[in-house]
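Just so it is clear, the structure is predicted and the values come from calculations on it, not from any experiment. Atoms considered below: every heavy atom in the structure, side chains included; atoms not considered: hydrogens, waters and symmetry mates.
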Amino acid sequence: MTEKIVLAYSGGLDTSVATKWLQEERGYEVHCLTVDLGNLPDMEGAQRRGEEAGALSVDVIDAKADFLNYFVFPALQANALYQGEYPLATALGRPLIGKLLVDKARELGATAVAHGCTGKGNDQVRLDVAITTLAPDLTIIGTARENEMSRDAAIEYATKHGISVRQTLASPYSTDENLWGRSVECGELEDPWAEPPEGVWSWTTDPGSAPDEPAILEISFEQGIPVAIDGERLDPVTLVQRLSDLGGKHGIGRVDMVEDRLVGIKSREIYEAPAAVTLITAHKALEQLTLAKPQIRMKERVAQEYADLVYNGLWYTGHHRDLAAYVQSSQQDVTGEVRIRLWRGTTTVLGKQAAYSLYSKELATYGDDDLFDQKAAQGFIKLHGLSVQVQAHRQLLRESKDLLHLAAPERDGESD
Ligand code: ARG
């Protein structure tokens with residue numbers, strides 16, 4: 001009996017070719033699975049190409065809500081940004097796609113799953129690790145890794161087998177899109193000195209030609225989860241999509257960086273993530289009011305660790321479960337509103353309030369209603385500065401009288 005394989009299918013050239021190739025070269029009965037995480041281009045064309053390529057079934061699963069609730073929002077609560085900039089849209093999608101591939105394979109009694117990720121990227125790692133973790137018995141075929149077809153060879157293969165090639169093929173970039181953001185690599189971007197050509201951007205207006213009139217909105221959070229815009233309660237998909245559209249119009253969320261891939265390559269990447277950038281900015285502002293200083297510090301460290309593990313494909317791990325538990329616990333009082341301005345590529349927080357805010361006007365004020373005991377500061381400073389004084393007199397001042405060069409040596413040409 002012919003063995004079945006489930007292919008993670010985007011509808012693009014590579015996975016359409018893979019559909020045929022898995023039948024011809026590997027003898028599988030191919031079932032295509034497209035996971036809709038939002039912003040999928042050309043779904044109908046994709047379906048058609050899958051059938052043209054001889055897939056026995058082409059299914060689309062709408063996983064948008066699960067994606068936001070179980071993958072994106074926990075990362076938002078953590079303020080996860082890889083290397084301080086990338087909101088991880090592509091990376092967050094992979095463990096879910098891996099799980100849905102496994103579910104489909106089980107449903108069909110398939111013995112294998114396949115994807116079209118290249119052998120140089122992070123996505124293959126994320127998918128393979130997720131799949132082997134959830135289903136060690138399934139064979140994994142990375143079609144691009146194994147057939148090593150060039151772009152031209154893929155086009156030729158498609159034409160030969162009657163698979164229609166979509167016009168956007170003219171695009172020299174490799175892209176990936178979902179609700180949390182759009183990722184672009186390859187082509188002219190490979191030169192980090194070259195400014196990204198305007199055609200790279202697709203969701204966001206150039207900040208220079210964005211509307212002069214800003215958008216000012218109020219975002220409500222409950223325990224670190226965004227729930228409403230301007231007082232209107234919205235389901236997660238509508239809320240994120242709305243911020244994505246509005247932010248895009250105002251040129252918010254453009255990221256241009258050289259990042260360190262897991263496989264050791266430095267790579268120039270472009271991201272468009274208007275909703276992610278807006279929400280992370282607002283969420284951090286609310287945490288300023290609702291978290292104590294050591295919680296904020298710890299959360300910054302956790303954010304880095306969290307971003308790394310998501311980036312590195314370690315979603316289904318105990319380390320992740322434990323970090324996520326800390327993040328969840330930290331969000332208990334992160335409930336409130338943030339007023340934010342989107343204007344020409346910038347997000348500016350204009351105001352914030354929270355029911356359980358730690359901010360106390362009576363302590364902060366310089367006005368008459370001041371409750372802070374200024375005299376108590378003297379005693380505090382005496383103890384705070386005690387060890388500083390001891391060290392300076394016993395050690396530091398032995399070498400130099402005024403400590404001017406404590407942090408940097410004397411520069412050439414400086415007179416003293
Ligand atoms: N460098 C990003 C990441 O590793 C984006 C990958 C984009 N994927 C793609 N198929 N174009 O998460």
Side-chain angles (χ1 to χ4, degrees), residues 1-37 40-63 67 90 93-149 151 153-155 157-158 160-166 169 174-178 313:
M1 207 184 74
T2 314
E3 295 194 7
K4 297 178 184 173
I5 193 165
V6 180
L7 168 67
Y9 181 67
S10 71
L13 172 72
D14 293 336
T15 47
S16 300
V17 163
T19 305
K20 195 75 197 177
W21 184 84
L22 285 167
Q23 301 160 67
E24 299 268 296
E25 304 297 325
R26 296 295 161 96
Y28 279 108
E29 173 182 312
V30 181
H31 295 266
C32 291
L33 179 69
T34 303
V35 178
D36 182 2
L37 302 179
L40 274 182
D42 188 22
M43 261 341 295
E44 280 149 50
Q47 185 104 21
R48 196 187 60 240
R49 275 188 296 281
E51 282 156 13
E52 285 169 354
L56 247 82
S57 64
V58 184
D59 283 335
V60 180
I61 298 184
D62 178 353
F67 179 50
T90 298
R94 299 309 181 208
L96 177 54
I97 294 174
K99 178 192 154 21
L100 294 170
L101 282 174
V102 168
D103 291 351
K104 193 72 187 175
R106 295 304 189 217
E107 184 191 318
L108 297 171
T111 55
V113 293
H115 59 70
C117 308
T118 77
K120 295 177 77 171
N122 301 310
D123 289 329
Q124 53 165 351
V125 181
R126 298 166 183 149
L127 277 177
D128 287 9
V129 172
I131 294 160
T132 29
T133 304
L134 299 170
D137 57 300
L138 291 179
T139 302
I140 304 174
I141 299 189
T143 55
R145 253 182 340 218
E146 296 186 24
N147 69 26
E148 290 187 63
M149 261 186 225
R151 203 137 231 250
I155 295 173
Y157 189 91
K160 194 173 119 205
H161 290 92
I163 305 164
S164 45
V165 173
R166 109 183 119 138
L169 202 62
S174 162
T175 59
D176 180 70
E177 295 171 74
N178 64 44

Participant: Which residues satisfy the side chain to side chain donor-acceptor pair (under 3.5 Å) test with Glu25, sequence neighbours excluded?
Facilitator: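 By the side chain to side chain donor-acceptor pair (under 3.5 Å) rule, Glu25 matches no residue at all.
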Participant: Less than 4.0 angstrom from a charged side-chain N to a carboxylate O is my criterion; do Asp103 and Arg106 meet it?
Facilitator: no
Participant: Drop me the distance from Thr143's OG1 to Leu22's CG, to the nearest 0.5 angstrom.
Facilitator: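 Separation between the atoms: 6.0 Å.
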Participant: So, Tyr9 side chain and Gly50 main chain: donor-acceptor pair closer than 3.5 Å or not?
Facilitator: yes
Participant: Which distance, rounded to the nearest 0.5 Å, do you find between the CG of Asn122 and the OG1 of Thr90?
Facilitator: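 Answer for the CG-OG1 pair, Asn122 versus Thr90, is 9.5 Å.
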Participant: How close do Ala105 and Val113 get, heavy atom to heavy atom, and via which atoms?
Facilitator: CB-CG1, 4.0 Å
Participant: Hey, mind stepping through Leu13 and Ile155 against side chain to side chain contact (heavy atoms under 4.5 Å, CB included) and telling me if it holds?
Facilitator: CA-CA 7 Å; Leu13 172 72; Ile155 295 173; 3.8 Å; yes
Participant: Tell me every residue that passes side chain to side chain donor-acceptor pair (under 3.5 Å) with His115, counting only those two or more places apart in sequence or in another chain.
Facilitator: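 With sequence neighbours excluded, His115 shows a side chain to side chain donor-acceptor pair (under 3.5 Å) to Asp128, given in chain and number order.
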Participant: Calculate, to the nearest 0.5 Å, the distance between atoms OG and NZ belonging to Ser57 and Lys4 respectively.
Facilitator: 9.0 Å
Participant: Taking only residues two or more places apart in sequence, or in another chain, which ones meet Glu3 in a salt bridge (charged side-chain N to carboxylate O under 4.0 Å, His left out)?
Facilitator: none
Participant: Please confirm whether the backbone N or O of Ala53 pairs with a side-chain atom of Gln23, one donor and one acceptor, at under 3.5 Å?
Facilitator: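 Yes; judged by distance alone, with no hydrogens or angles, the pair exists.
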Participant: So, for Gly313 and Val129, which heavy atoms are closest and what is the spacing to 0.1 Å?
Facilitator: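 Between these two residues, the closest heavy atoms are O-CG1, 3.6 Å.
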Participant: State, with a plain yes or no, whether a side-chain heavy atom of Val102 is found less than 4.5 Å away from one of Ile131.
Facilitator: yes
Participant: Distance-only, no hydrogens or angles: does the Thr15 side chain make a donor-acceptor pair with backbone N or O of Ser10 under 3.5 Å?
Facilitator: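 Yes.
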Participant: Considering non-hydrogen atoms only, spot the tightest contact between Ala144 and Gly116 and give its length.
Facilitator: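 Heavy atoms of Ala144 and Gly116 come nearest at CB-O, 3.4 Å.
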Participant: Give the C-alpha distance, both sets of side-chain angles, the deciding distance and a yes or no for side chain to side chain contact (heavy atoms under 4.5 Å, CB included) between Leu134 and Leu101.
Facilitator: CA-CA 10 Å; Leu134 299 170; Leu101 282 174; over 6 Å; no
Participant: In sequence, state the C-alpha distance, the side-chain angles, and the governing distance for Tyr157 and Asn147, and then conclude on side chain to side chain contact (heavy atoms under 4.5 Å, CB included).
Facilitator: CA-CA 12 Å; Tyr157 189 91; Asn147 69 26; over 6 Å; no
Participant: Quick check: does any side chain N or O of Lys20 sit under 3.5 Å from a backbone N or O of His161, one acting as donor and the other as acceptor?
Facilitator: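 Side chain of Lys20 to backbone of His161, a donor-acceptor pair under 3.5 Å: no, none is there.
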Participant: Counting N and O atoms only, with roles assigned by atom type, does the side chain of Arg49 sit under 3.5 Å from a partner on the main chain of Gly11, one being a donor and the other an acceptor?
Facilitator: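 Judged by distance alone, yes, a pair lies under 3.5 Å.
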Participant: Passes side chain to side chain contact (heavy atoms under 4.5 Å, CB included), Val35 versus Leu33? Steps please.
Facilitator: CA-CA 6 Å; Val35 178; Leu33 179 69; 4.2 Å; yes
Participant: Glu52: what forms a salt bridge (charged side-chain N to carboxylate O under 4.0 Å, His left out) with it, not counting sequence neighbours?
Facilitator: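 Salt bridge (charged side-chain N to carboxylate O under 4.0 Å, His left out) check on Glu52 returns Arg48.
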Participant: Once you round to the nearest 0.5 Å, how far does CZ of Arg94 lie from CG of Asp176?
Facilitator: 4.5 Å
Participant: From Asp14 CG over to Thr19 OG1, what is the distance, rounded to the nearest 0.5 angstrom?
Facilitator: 10.5 Å
Participant: Can you list everything that forms a salt bridge (charged side-chain N to carboxylate O under 4.0 Å, His left out) with Glu51? Sequence neighbours excluded, please.
Facilitator: none
Participant: Only one of Ile5, Leu7, Val6 passes side chain to side chain contact (heavy atoms under 4.5 Å, CB included) with Tyr28; say which it is.
Facilitator: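 With Tyr28 as partner, Ile5, Leu7, Val6 yield a single side chain to side chain contact (heavy atoms under 4.5 Å, CB included), made by Ile5.
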Participant: Quick one: closest heavy-atom pair of Gly98 and Ala130, and the distance?
Facilitator: CA-CB, 4.5 Å
Participant: Specify the closest pair of heavy atoms between Gly27 and Thr2, including all atoms of both residues, with the distance to one decimal.
Facilitator: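 Reported closest heavy-atom pair: O-CG2, 3.2 Å.
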Participant: If the condition is salt bridge (charged side-chain N to carboxylate O under 4.0 Å, His left out), which residues does Asp59 pass it with, not counting sequence neighbours?
Facilitator: Lys104
Participant: Atom CD1 of Ile97 and atom CG of Leu127: how far apart are they, to the nearest 0.5 Å?
Facilitator: 6.0 Å
